[in-house]
Amino acid sequence: MAGDTEVWKQMFQELMREVKPWHRWTLRPDKGLLPNVLKPGWMQYQQWTFARFQCSSCSRNWASAQVLVLFHMNWSEEKSRGQVKMRVFTQRCKKCPQPLFEDPEFTQENISRILKNLVFRILKKCYRGRFQLIEEVPMIKDISLEGPHNSDNCEACLQGFCAGPIQVTSLPPSQTPRVHSIYKVEEVVKPWASGENVYSYTCQNHICRNLSIFCCCVILILIVIVVIVVKTAI
C-alpha cells in the first residue's frame, strides 16, 4: 500500500473534483482505524475487494477476494472541506513458519472501482442529497481463486472483523463506467438553506411576478388602443 498511496490520493481527488469541484477533499492512510470505532462527526464505509499478495520471506504469491478496505469520512460544511482516512487490512503467508503480514497489491483498475464506490458513499452520507446508485461498480478478478478464504492468516479476521461477500467480475477494463454514469443525481431542496438564500429566492419570485403583471397590463392597453383605432376608422 505504501507505494500506491499517491496513486490512491490523486485518483480520489480527481473523482471528487468531477462531482464537487469547489470543495476540497483529502485522503490519507491510517493503520489505526478500526471498524465501527468512530470519532464524533465521522462516518464509515468499508469494502471487500480483490488483490494480490507476495510473501517477503519466501516470495510466494497468492490472491484473495476478501481484502478489507476501511474508510472513515468527515465533512465540514463551514470550511467546505472533507477528509477521508483509509486502512487496508493485510494478510500473511500460510507456508512460512513465522510470516509477516503483507500489504496487498491492487491493480489501478480496481483502485478506480473502489474509489468510485467511495465517492458515491460520500455524496450519499456527507451531502445528504438523494443520490441513486445506478450501477454498483464490481471488482475485477483476474485469476481463479483456489480454496476458501484463509481466515487464520487474514488480519481482519484475526481481529474479529468477519469478511463479507464481494462482487467480482471478469469484465475488461474498457467497460469500467465513468463516475457520472454511476451516480444519478435527483434535484433536491436543501432544508438547511441559509436565510440569505431564502431571501434572494423570495425576491426573485416577487420580481418575476411583477414583471408578469406589467406585461399583462401592457398587452391589455395595446388591445384597447387597437379597438379604439378600428372603431374610429369605421
Side-chain angles (χ1 to χ4, degrees), residues 1-16 25-35 44-73 84-121 136-179 182:
M1 174 63 191
D4 295 335
T5 300
E6 293 304 317
V7 175
W8 287 81
K9 289 180 179 179
Q10 181 179 351
M11 196 175 295
F12 171 71
Q13 290 177 353
E14 289 174 356
L15 291 172
M16 286 304 304
W25 277 86
T26 59
L27 180 146
R28 65 180 178 88
D30 186 344
K31 291 191 175 182
L33 288 188
L34 295 174
Q44 174 176 291
Y45 171 58
Q46 52 187 348
Q47 190 170 174
W48 284 269
T49 184
F50 179 89
R52 294 172 177 267
F53 296 84
Q54 183 174 26
C55 178
S56 56
S57 299
C58 69
S59 298
R60 173 179 170 267
N61 293 284
W62 72 95
S64 174
Q66 301 282 40
V67 181
L68 175 58
V69 183
L70 175 67
F71 298 100
H72 285 182
M73 309 163 295
V84 177
K85 296 180 181 180
M86 170 186 176
R87 179 181 179 182
V88 178
F89 285 81
T90 59
Q91 294 184 17
R92 64 188 179 188
C93 179
K94 66 180 181 180
K95 301 291 187 180
C96 293
Q98 293 181 331
L100 299 174
F101 280 99
E102 309 292 351
D103 290 324
E105 297 176 2
F106 299 92
T107 63
Q108 286 208 2
E109 182 63 29
N110 273 343
I111 292 175
S112 174
R113 290 168 178 245
I114 293 168
L115 291 177
K116 285 175 180 177
N117 288 333
L118 169 65
V119 169
F120 169 71
R121 264 65 185 191
E136 180 72 27
V137 186
M139 301 302 109
I140 290 181
K141 182 179 65 173
D142 52 7
I143 64 171
S144 298
L145 300 177
E146 298 180 359
H149 177 58
N150 188 354
S151 58
D152 292 336
N153 293 296
C154 171
E155 182 185 27
C157 291
L158 291 172
Q159 294 185 13
F161 313 128
C162 298
I166 175 176
Q167 183 183 3
V168 294
T169 184
S170 298
L171 287 176
S174 60
Q175 294 188 19
T176 305
R178 288 182 54 80
V179 65
I182 303 168

**Message:** Nearest 0.5 angstrom please: Lys94 NZ to Asn153 CG, how far?
**Reply:** 8.5 Å
**Request:** For Gln13 and Leu27, run side chain to side chain contact (heavy atoms under 4.5 Å, CB included): C-alpha distance rounded to whole Å, both residues' side-chain angles, the deciding distance at 0.1 Å, then the answer.
**Result:** CA-CA 8 Å; Gln13 290 177 353; Leu27 180 146; over 6 Å; no
**Request:** Please lay out, stage by stage, how Ser64 and Gln91 fare under the test side chain to side chain contact (heavy atoms under 4.5 Å, CB included).
**Result:** CA-CA 9 Å; Ser64 174; Gln91 294 184 17; 3.0 Å; yes
**Asked** Would you find more than 12 non-hydrogen atoms of other residues, nucleotides or ligands less than 6.0 Å from Gln54 atom CD?
**Response** yes
**Request:** Apply the test side chain to side chain contact (heavy atoms under 4.5 Å, CB included) to residues Cys93 and Ser57: give CA-CA distance (whole Å), side-chain angles for both, the deciding distance (0.1 Å), then the verdict.
**Result:** CA-CA 9 Å; Cys93 179; Ser57 299; over 6 Å; no
**Prompt:** Does Thr90 reach the side chain of Glu102, with side-chain heavy atoms less than 4.5 Å apart?
**Reply:** no
**Leu70 side, atom CG; Trp48 side, atom CH2 - distance, nearest 0.5 Å** = 9.0 Å
**Asked** Could you state the interatomic distance from CD (Glu105) to CG (Asn110), rounded to the nearest 0.5 Å?
**Response** 13.0 Å
**Message:** For a 4.5 angstrom cut-off between non-hydrogen side-chain atoms, does Met11 reach Ser112?
**Reply:** yes
**Asked** Does the side chain of Tyr45 reach to within under 4.5 Å of the side chain of Val84, using non-hydrogen atoms?
**Response** no
**Non-hydrogen atoms of Arg92 and Asp152 that approach each other most closely** = NH2-O, 3.2 Å
**Prompt:** Would you say the side chain of Cys55 lies within less than 4.5 Å of the side chain of Trp62, judging by non-hydrogen atoms?
**Reply:** yes
**Request:** Take Leu158 and Phe101, measure what side chain to side chain contact (heavy atoms under 4.5 Å, CB included) needs, and give me the verdict at the end.
**Result:** CA-CA 12 Å; Leu158 291 172; Phe101 280 99; 3.7 Å; yes
**Item:** Rounded distance (nearest 0.5 Å) linking atom CG of Leu15 with atom CZ of Phe120
**Value:** 14.5 Å
**Heavy-atom check, side chain of Met73 versus side chain of Leu118, under 4.5 Å** = yes
**Asked** What orientation do Phe71 and Trp8 show, parallel under 30°, tilted 30 to 60°, or perpendicular over 60°?
**Response** tilted
**Prompt:** Does a side-chain heavy-atom distance below 4.5 Å link Gln159 with Leu34?
**Reply:** yes
**Prompt:** Could you give the distance from SG (Cys154) to CD (Gln66), rounded to the nearest 0.5 Å?
**Reply:** 8.0 Å
**Asked** About how many Å separate CG of Leu115 and CD of Gln10, when rounded to the nearest 0.5 Å?
**Response** 11.5 Å
**Asked** Do you know which two heavy atoms are closest between Glu155 and Arg87, and how far apart they sit?
**Response** OE2-NH2, 2.9 Å
**Item:** Over all atoms of both residues, closest heavy-atom pair of Val67 and Ala51
**Value:** CG2-CB, 3.9 Å
**Message:** Does atom CD (Glu14) have a neighbourhood of more than 12 heavy atoms from anything else shown, all under 6.0 Å?
**Reply:** yes
**Item:** Min side-chain heavy-atom separation Asp4-Asp103 under 4.5 Å
**Value:** no
**Asked** What heavy-atom pair brings Ser151 and Cys157 nearest, and what distance separates the two atoms?
**Response** O-CB, 3.5 Å
**Where Pro35 and Gln46 come nearest, the two heavy atoms and their spacing** = CB-OE1, 3.9 Å
**Request:** For Leu68 and Ala156, work out which heavy atoms get closest and say how close.
**Result:** CD2-CB, 3.9 Å
**Item:** Beyond-backbone contact of Arg52 with Asn61, side-chain heavy atoms, under 4.5 angstrom
**Value:** no
